[in-house]
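In what follows, every heavy atom counts, from backbone to side chain, and hydrogens, waters and symmetry copies are set aside. Per chain, numbering begins at 1; letters A, B, ... match sequence-line order.
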Amino acid sequence: MEQKIVIVDGNSLINRAYFAMSELKNSNGIYTGGVFGLTSMVFSLIENFKPTHFCVAFDMKGPTFRHLSYDQYKGTRKGMPEELVMQMPIVKDILDALNISRVELQGYEADDLIGTIAKFCVENDIEANVITGDKDALQLVAFGANVHITKKGITQLKLYKDADILEEWGVHANQVIDFKGLSGDSSDNIPGIPGVGPKTASKLLSTFGTVENLIERYEEIENKRIRGLVEEHAAQAMMSKRLATIFTEVPVELELDTFKVKEPNIERAIQLFKKYELTNLMSKLKVKVETHAVADQSALLTLNGFIDLALSEKAFTFKIFYDCENVIDRNFVMATFRVGKDVCVLTDLDDLLALKPIFENSAIMKNGFDLKREYLFLMDHQIDLQGVRFDGFIAAYLLDPARRSYDLAEIVFENASTKVISDEDLLGKGAKKLRLSDLKVEQIQPYAISHLNGIVNLKEVFVPKLEEMNFTDLFENVEVPLVKILADIEHTGFRVDMDKINELDLQLIDKISEIESTVYHLAGESFNINSPKQLGVILFEKLELPMGKKTKTGYSTSHDVLEKLANLHPIINEIIEYRTYTKLKSTYIDGLRLVIDERDHRVHTSLNQTIAVTGRLSSTEPNLQNIPIKLPYGRKIRRFFIADDGSTLLDADYSQIELRVLAHLSEDPKLIEAFNTDMDIHTLTASQVFHISESEVTSLQRSRAKEVNFGIVYGMGEFGLSESLGISRKDAKIYIDNYFASYPRVKGFMDEVIEACKEKGYVETILNRKRAITDINNSNFMLRSAAERIARNTPIQGSAADIIKLAMIKVYEALKKQKLKSKLILQVHDELILNVPTDEIEAVEKLLKVCMEEAYKLIVPLKVEMNTGDSWYEAH
DNA sequence: TCAACAACTC
DNA sequence: GATTAGAGTTGTTGAA
């Protein structure tokens, strides 16, 4: 077998890892960000490079030979922060447990050790891969080492070839040291030649080649100033070059066998990961054992070959690649399929469409990643995808719902053994980002196949993991079936009334310009009212209004601050009005217009399944989950959203679903009783909190009790309650105390949730959805309190989300079974909206009520309220 | 390009 | 003694 070594610059990577995740601590307050980052890097390097040899080099304390020749070497560098110094022995322990050899030597830097080992390996025909964040190491490219420089913290690597160095610095690999010798390096305090920067250095070197040659022939330098500089600082340039040169003859014993990759000492590693609470790393240990290598030998199937295999094997994995011109136009580029180890690549849309019977055959199991995209594409072509069993996107979300993104390449990189070519690798990023259709098929194919194989590998790892975490039922029976429903909702869209939009737009334009001039008049000058910074200056400096809160960057001009100033100056109310109207115009008129499909006059919102940590959905482009309702004027926006001709909108929302879930989870007798007898829960709470009979409750008391009920669900404290009700903290405390006295099990439940969370590190919903809460044992009061509020709220919010997801599935199935034409067109957390042909209203009302109320059996009843109307305004 | 702020929802 | 309500998206400003 070919031999391959990975040599890691331990100091460089741990530094980067630490700064990328400096806040990571375990519950004893020991910082572990650097340890975590470096160790996960080691795991991924082993998985991705599959090296036969591996070692990590470290710097040692104390002066090196460079300091002895130049006492200011690295003189400007600050020492490692204390929090990082503490992590060094931990990292070394972990590396030892993983049986990974580390090297360090008094008097030499990690760089020199790396250079020495790399050179030795290259000379002995072993592929040498150097991993570091320090571009000085690029000089090693000159003798044939592969140098990979970390990007974005340490999450990505870039392999530098000679050409890359040339592009970045304008010099060849073997001139890197000359380049440093001339231009210097402020981070190492290498002086170079003062006045010579990177540009000049590369220009000089392209003519003269080396520093030595340059100095010898300095008289040939055309630019007079630079000639002088070179002459004057020749000695310093020579010294700088020496300092920048990695010493590749370090007297270490090079016994290759010591670097061989060995099986880790799993028990010891697990022990350490537990001790430092690096639980994510634990799974990597298992992954290493469980992952099956995927054969890279695979046949390329023809369309018919694939059809035969799909029919006989009854399962395949696939991905369709397409460009989105805008929200609705999808341009086919390529589709890839895998059955067993064989792969099929289609580039002709007609071939893909020929697979309609295969896609629609529910006996053939389909696996993929982010299958909502596949559903949408196939729906465009009247193909009704059936038989989906596994969606890696959804699996990744259930296993770690707090992730920022679920990019396939990242997920596979972290969990499985293959390398997936990322979008950025293929398409670039920023302004220069390409579309798939800009590339040739041959360029896309390796990318597409790497995605396909990544999904297959991911499935191998995730299926047992889902089982282990008790997610199988939630995954198979809720989240995966929901994918299709969300695609259907998105595909159907919500019709909008353009005339209504234009009408309100004209009104708003008038109102805004009128208020604008009033504000300028009252302020005595014109300024940008949208700028909190400029507004702050006007209000608190020019008009000398009393300043309320401050933000990090200046005066706060938030609504509640302004409200308190309303009586002091007429400009305040104008500004409040200005804000409400401009909000409506920019977000709900101008913003909405941008996402209306010109062809069908509908908005096709994207309902995202993997965004919210609690299990809720989120809605984007446009966000239909935050259409105004509270204020009468804003509520008019709901007139934009209308039923199809011959149909009406049916809007059904759960009444008090979160408080019912709370009653269920806490088993509080009084709460249960209240819902069993269908009492008004806010009135009941008011009577409890104010110690009066329900008939005596005033509307003010009821609305305060409503705030209390909400506050409890969110884990609000007395301060928050006093602020939101405008009462004293003392009174707020009394309310809260009275609340818990009336519903004693609620308090008990909250305490138990936190207790269990401290123990297990996560909280759960009724369908076993889990959310890890890391700060629950944090010694920092603020972080711990926030974690406790999250722990209290997540089971409630998350269980309510579970229930409405179940309801959506029931409704969807029931509509299909009864062959009704009514369609789900939106979900807003506790509300479902359907477009219902007029003749189906009665049937669908019945169906909807049953499906929603019976979605999940709580110990209290679920109650649904329904309304119909031509627009969302009337229906809700 | 990105963080901060503000405003809208359940 | 602190700090203070859970979950989201979008638009604007202004600094890098």
Side-chain angles (χ1 to χ4, degrees), chain A residues 401-402 429-431 527-536 549-562 575-576 578-592 594-595 605-608 611-631 633-635 637-638 653-654 656-658 662 707-725 729 732-733 736 763 771 773 779-798 800-801 804 826-831 876:
Chain A
K429 59 170 183 174
F527 63 101
N528 189 340
I529 314 176
N530 286 318
S531 162
K533 195 178 168 188
Q534 294 182 35
L535 180 61
K549 277 184 292 192
K550 266 208 266 184
T551 64
K552 268 182 270 185
T553 49
Y555 311 109
S556 167
T557 65
S558 68
H559 185 87
D560 40 319
V561 170
L562 294 186
I575 288 162
I576 291 175
Y578 176 87
R579 288 226 178 123
T580 52
Y581 292 131
T582 51
K583 171 73 182 178
L584 292 177
K585 176 153 167 62
S586 64
T587 304
Y588 300 105
I589 302 231
D590 302 339
L592 190 64
L594 293 174
V595 292
T605 185
S606 185
L607 289 177
N608 313 299
I611 301 290
V613 269
T614 53
R616 277 188 174 182
L617 301 177
S618 94
S619 159
T620 51
E621 279 183 297
N623 179 359
L624 291 185
Q625 293 183 322
N626 72 345
I627 303 301
I629 190 166
K630 223 164 99 197
L631 300 170
Y633 197 87
R635 195 173 189 148
I637 300 287
R638 294 187 170 228
D653 70 294
Y654 279 117
Q656 309 300 350
I657 189 166
E658 293 199 334
L662 178 60
E707 289 281 332
V708 176
N709 279 330
F710 278 115
I712 295 299
V713 170
Y714 298 149
M716 188 196 261
E718 48 193 75
F719 177 88
L721 187 65
S722 69
E723 281 287 296
S724 81
L725 291 181
R729 286 187 61 160
K733 181 169 163 36
I736 292 173
V763 291
R771 176 180 184 185
I773 298 173
S779 54
N780 178 321
F781 172 85
M782 207 170 74
L783 292 177
R784 191 177 61 253
S785 307
E788 288 173 359
R789 290 193 295 272
I790 292 169
R792 282 193 289 260
N793 173 261
T794 299
I796 302 173
Q797 187 181 127
I804 195 153
L826 191 61
Q827 183 251 52
V828 192
H829 309 309
D830 64 352
E831 173 186 5
H876 191 85

* Asked: If you look at every strand shown and take non-hydrogen atoms under 4.0 Å, does A:Asn528 touch a base, only sugar-phosphate, or nothing?
  -> sugar-phosphate
* **A:Ser785 vs C:dT4: side-chain N/O to OP1/OP2 distance below 4.0 Å** => no
* Asked: At under 4.0 Å between heavy atoms, what does A:Ile611 touch on the DNA or RNA strands: base, sugar-phosphate, or nothing?
  -> sugar-phosphate
* To do: For the side chain of A:Arg771, starting at C-beta, report the closest nucleotide among C:dA7, B:dT9, B:dC5.
  => C:dA7
* Please round to the nearest 0.5 Å and tell me the distance separating atom OG1 of A:Thr605 and atom CD of A:Gln827. => 11.0 Å
* OP1 or OP2 of C:dG6 less than 4.0 angstrom from a side-chain nitrogen or oxygen of A:Arg789, does that happen here? -> yes
* To do: Report the nucleotide, chosen from B:dA6, C:dT10, C:dA7, that has the shortest atom-to-atom distance to any side-chain atom of A:Gln797.
  => C:dA7
* From C:dA5, B:dC8, C:dT13, nucleotide with atom closest to A:Tyr588 side chain -> B:dC8
* Rounding to the closest angstrom, what is the interatomic distance between C:dA5 and B:dA3 at atom C1'? -> 23 Å
* Asked: Out of C:dG8, C:dG6, B:dA6, which nucleotide sits closest to the side chain of A:Asn626?
  -> C:dG8
* Look at the side-chain N and O atoms of A:Thr557 and state whether any lies under 4.0 Å from the OP1 or OP2 oxygen of B:dA6. => yes
* Quick one: closest heavy-atom pair of A:Arg579 and A:His559, and the distance? => NH1-N, 4.4 Å
* Asked: With sugar-phosphate meaning primed atoms plus P, OP1 and OP2, does A:Thr580 contact a base, only sugar-phosphate, or nothing at under 4.0 Å between heavy atoms?
  -> sugar-phosphate
* Asked: Within a reach of under 6.0 Å around NZ of A:Lys733, are more than 12 heavy atoms found that belong to other residues, nucleotides or ligands?
  -> no
* Mind checking A:Ser619 for me? I need base, sugar-phosphate or nothing, with any heavy atom below 4.0 Å counting as a touch. => sugar-phosphate
* Asked: Which is true for A:Arg792 with a 4.0 Å heavy-atom rule: it touches a base, it touches only sugar-phosphate, or it touches nothing?
  -> nothing
* Taking only side-chain nitrogens and oxygens of A:Lys630, does any of them come within less than 4.0 Å of OP1 or OP2 of B:dC10? -> no
* A:Tyr714 on top of C:dG6's base, within under 5.5 Å and under 30°? -> yes
* Asked: What does A:Ile627 touch in the nucleic acid at a heavy-atom separation under 4.0 angstrom: a base, only the sugar-phosphate, or nothing?
  -> sugar-phosphate
* Side-chain N or O of A:Arg616 less than 4.0 angstrom from OP1 or OP2 on C:dA7? -> no
* Asked: Phosphate oxygens OP1/OP2 of B:dA4: is one of them under 4.0 Å from a side-chain N or O of A:Lys552?
  -> yes
* To do: Measure from the side-chain heavy atoms of A:Asp830 and tell me the nearest of C:dG6, B:dC10, B:dA7.
  => B:dC10
* Under 3.5 Å, is there an N or O donor on one side and an acceptor on the other linking the side chain of A:Arg729 and the base of C:dT4? -> yes
* Ignoring backbone atoms, test whether A:Thr551 places a side-chain nitrogen or oxygen under 4.0 Å from the OP1 or OP2 oxygen of B:dC5. => yes
* Select base, sugar-phosphate, or nothing to describe what A:Gln534 touches, counting heavy atoms under 4.0 Å on all strands. => sugar-phosphate
* Shortest side-chain distance from A:Ser618, nucleotide among B:dT9, C:dA7, C:dG8 -> C:dG8
* Whole-Å C1' distance, C:dA2 and B:dA7 -> 29 Å
* Choosing from B:dC8, C:dT4, B:dC10, which nucleotide comes nearest the side chain of A:His829? -> B:dC10
